[in-house]
Amino acid sequence: MSDTKPDSKDASASTGASNFIRHMIAQDLASSKHGGRVQTRFPPEPNGYLHIGHAKSICLNFTVAAENGGHCNLRFDDTNPAKESQEFVDSIKDNITWLGFQWHGDVRYSSNYFDALFDFAVQLINKGLAYVCSLSADEAREYRGTLTAPGRNSPDRERSIADNIDLFSRMRAGEFADGTYSLRAKIDMASPNINMRDPVLYRIRHIDHHQTGSTWCIYPTYDYTHCISDAIENITHSICTLEFEDHRPLYDWILHNLDIDSLRAVSDLADSDYDYVLPEQTEFAKLKLNYTMMGKRNLKEMVETGVVQGWDDPRMPTLAGMRRRGFTPASIRNFCESVGVSRSESVVDLSMLEHAVREDLDKHAARAMCVLNPLKVVLTNLPSGHVERLSMANHPKDESMGRREVPLTQEIFIDRADFEESPPEGFKRLVPGGEVRLRGAYVIRCDEVIKSSSGKVQELHCSVDRDTLGKNPEGRKVKGVIHWVSAELSLPVSVRLYDRLFNVEKPDSKDIEDYRTCLNPDSLVELYDCFVEPSVADSAVRHFQFEREGYFCVDAIDSTPERLVFNRTITLRDSWSV
RNA sequence: UGGGGUGUCGCCAAGCGGUAAGGCACAAGGUUUUGAUCCUUGCAUACGUUGGUUCGAAUCCAGCCACCCCAGCCA
């Protein structure tokens, strides 16, 4: 799908708002802490689809690097093959590109570093800083202690270096079953930080890996892998979310206990003149949005149980879903920038996201008219067979977007909501005997209301004031303007009206037993009897503002040349709430 | 009752000892052939709380309170 043109492209450097990460980097640059370099990375695990929360991290990492003449790597943190797949790496790459970012060089994988990781593990063993443990997972949990009680040393903690080397080699060779042994760091079983109680570095998993196939049957853990991968890639600022804060001491412990020269030797900058400086981790608060569930587990479950129609369901907070819904890359980037970066866990109001899309779409979306709930209007003083091609601007403020022709015929459709027999106070649309402007065309007067036997309004007979094209009528003021389409020369289309998926602010709150109880029954309303002006059929653009209704985009999947399907991205702001 | 964090307007968020930026939302005007956009105006004597230091504190210190994260061989 093509997105609204102009600034969708340049996702790089912008005048960013002040935040603590930018401050830190400015200071580090000033003090030449990392040799004046800025190198970041976005490290997703390919175990699901990216969502708007990931977008915040992507924007942060890529933007902050670009602003400072640095680079951002894309590295798949693929150390748990049981949960990962190629499908996810493909979608993640696609989403990042769509968002408008280009990673530095080739895509990286932690699995690229499995050999080096193994060698460093041997190094730790040789330094007496790691050992092979035979405790089962359950036993290990028991030995670990609790939040308030210290743990106990593993009976294998003092195993000899030679035995550890032997066992670790045999783990790699596939001699042992899953779970029989693990490699653990020897740190401190009494540490108040549970991550430091001899964390597991390697576990045995006889399972193929999406990148390395059957080469390995032992896989390194996140804590062990991430810091070394950062060091290998010469990352300067390893930015992650708050829940990893307690892992930082371990991140540092591993790096500081490895021989720095051997680390440097396998790093990207091994042959450069740069000083070799270890990466440092900094944490920020992840994005939370009200009326939205963000957890991968929850999203996955909604997909699998059919609450939504897939990862790219337009109601999903996934980038794939938002893209299909009609969000533009720029709108998401602007949103992420406007939300800021801090360490306080906050819940952003959905209205901020809505503002960001409207802002971008208002500027770039072509205007068109589409009648969602048609009510036939006969323009009685126009001859049947009358076809008048009216020229209208595609954008009220941007002539460069050109013009289009909209046919006016004797019979037209207007929206049922734009006619009221007994209008409420302040109603500015069509009423019996009243006048209203047809957008881009004439002022009409409602002369007659035709009803069915049941009393339902069937059609309206109106007369056109031929002297009102491009000018106001003499001597009276017509306040209302409504949209319309030709009954004969318009395209029947389907329209999907989307709204928030949940009707409570915190669908993932513990107070809610089952999120299914707070699903918004109107999150999707499908209309099959809509009519859009013919110009959209041969338009190259995919995003439109259907005047007075909202922003819509052509559904990239279900649309056919015979029948277009539109998704409502977001309504227009509406200060006329009925 | 262990450790690590966070508390500035309804929601985000600047501020880093010199007397509370900005955005969203909201409200009131103006423009308008979209009740849209755009424009103008308003919107925290107040920075979780209590004390202390200081000529001066949201900013420094101490205590207290609230909330979040950690006991995966997940990331």
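Naming: A, B, ... by sequence-line order, numbering from 1 per chain.
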### Query
Think A/Arg152 forms a cation-pi with A/Tyr143, using NZ or CZ under 6.0 Å from the six-ring centre and within 45 degrees of its axis?
yes

### Whether A/Glu405 side chain and A/Arg389 backbone form a donor-acceptor pair below 3.5 Å
no

### Message
Base, sugar-phosphate or nothing for A/Lys471? Non-hydrogen atoms, less than 4.0 Å.
### Response
base

### Task
Would you mind classifying the nucleic acid contact of A/Val478 as base, sugar-phosphate or nothing, using non-hydrogen atoms under 4.0 angstrom?
nothing

### Message
Just confirming the chi classification of B/G35, syn or anti, using 90° around 0 as the syn window.
### Response
anti

### Query
With sugar-phosphate meaning primed atoms plus P, OP1 and OP2, does A/Gly550 contact a base, only sugar-phosphate, or nothing at under 4.0 Å between heavy atoms?
nothing

### Query
Does the distance from a Lys or Arg side-chain N to an Asp or Glu carboxylate O, for A/Glu233 and A/Arg75, drop under 4.0 Å?
yes

### Qualifying residues under side-chain hydrogen bond (donor to acceptor under 3.5 Å, both in side chains), relative to A/Asn47, sequence neighbours excluded
A/Glu45, A/Lys296

### Partner set under side-chain hydrogen bond (donor to acceptor under 3.5 Å, both in side chains) for A/Asp77, not counting sequence neighbours
A/Ser110, A/His226

## Note on the structure
Winner on side-chain proximity to A/Lys397, out of B/A14, B/U37, B/G35, is B/U37

## Note on the structure
Given protein heavy atoms under 4.0 Å, the one-letter contact record of nucleotides 70-75 of chain B, with B base, S sugar-phosphate only and - none, is simply BBSBSB

### Whole-Å gap separating P (B/U34) and CG (A/Asp362)
13 Å

### Summary
As its Watson-Crick or G-U partner within any shown strand, both distances under 3.5 Å, B/G2 has B/C70

### Query
Which residues satisfy the side chain to side chain contact (heavy atoms under 4.5 Å, CB included) test with A/Ile187, sequence neighbours excluded?
A/Ala185, A/Met196, A/Asp198, A/Pro199, A/Leu250, A/Trp253

### Message
Under 6.0 Å from the ring centre and within 45 degrees of the ring axis: does the NZ or CZ of A/Arg170 meet both conditions for the six-membered ring of A/Phe176?
### Response
no

### Query
Mind checking who B/A27 pairs with, Watson-Crick or G-U wobble, both distances under 3.5 Å?
B/U41

### Message
Using a heavy-atom cut-off of 4.0 Å across all strands, would you classify A/Glu283 as base, sugar-phosphate, or nothing?
### Response
nothing

#### Entry: B/G10 and B/U1, which share atom name P, separated by this distance in whole Å
30 Å

## Note on the structure
Separation of B/A36 atom C1' from A/Trp576 atom CH2, nearest Å, is 16 Å

### Query
When every nucleotide of nucleotides 22-31 of chain B is labelled 5' to 3' by its protein contacts under 4.0 Å (heavy atoms), B for base, S for sugar-phosphate only, - for none, what sequence of letters results?
-BSSS-----

### Query
Can you tell me how far C1' of B/C69 sits from CZ of A/Phe284, to the nearest Å?
15 Å

### Task
Once you apply the 3.5 Å cut-off to both distances, tell me the Watson-Crick or G-U wobble partner of B/G56, or none.
none

### Summary
Applying the 3.5 Å cut-off to both distances, the Watson-Crick or G-U partner of B/G22 turns out to be B/C12

### Query
For A/His395 and B/U33, what is the distance between atoms NE2 and P respectively, to the nearest whole Å?
16 Å

### Task
Quick one: label A/Gly426 by what it contacts on the DNA or RNA (base, sugar-phosphate, nothing), any heavy atom closer than 4.0 Å.
base

### Task
Could you let me know what B/G35 is paired to, Watson-Crick or G-U wobble, both distances under 3.5 Å, or none if it's on its own?
none

### Task
Pick base, sugar-phosphate or nothing for A/Leu287, based on heavy-atom distances below 4.0 Å to the nucleic acid.
nothing

### Query
Taking the six-membered ring for Trp, are A/Tyr219 and A/His209 parallel (under 30°), tilted (30 to 60°) or perpendicular (over 60°)?
parallel

### Rounded distance (Å) that lies between atom P of B/A21 and atom CG of A/Asn19
20 Å

### Query
Could one point to a donor on the side chain of A/Glu549 or the base of B/U34 with an acceptor on the other under 3.5 Å away?
no

### Message
Nearest whole Å is fine: how far is B/C68 C1' from A/Glu345 CD?
### Response
4 Å

### Task
Apply ring pair (Phe, Tyr, Trp, His ring centres under 6.0 Å) to A/Phe244 and A/Tyr251, showing your working.
CA-CA 10 Å; A/Phe244 292 103; A/Tyr251 183 105; over 10 Å; no

### Message
Any carboxylate oxygen within less than 4.0 angstrom of a Lys/Arg side-chain nitrogen, looking at A/Arg367 and A/Asp362?
### Response
yes

### Task
Name all residues meeting the side-chain hydrogen bond (donor to acceptor under 3.5 Å, both in side chains) criterion together with A/Asp398; count only those two or more places apart in sequence or in a different chain, and write none if there are none.
A/Ser400

### Query
Where the side chain of A/Leu572 is defined as all heavy atoms beyond and including C-beta, which of B/A14, B/A36, B/U6 is the nearest nucleotide?
B/A36

### Query
Do the side chain of A/Arg437 and the base of B/U33 come within less than 3.5 angstrom through a donor-acceptor pair of N or O atoms?
yes

#### Entry: Whole-Å distance separating the CG atom of A/Asp415 from the P atom of B/G35
13 Å

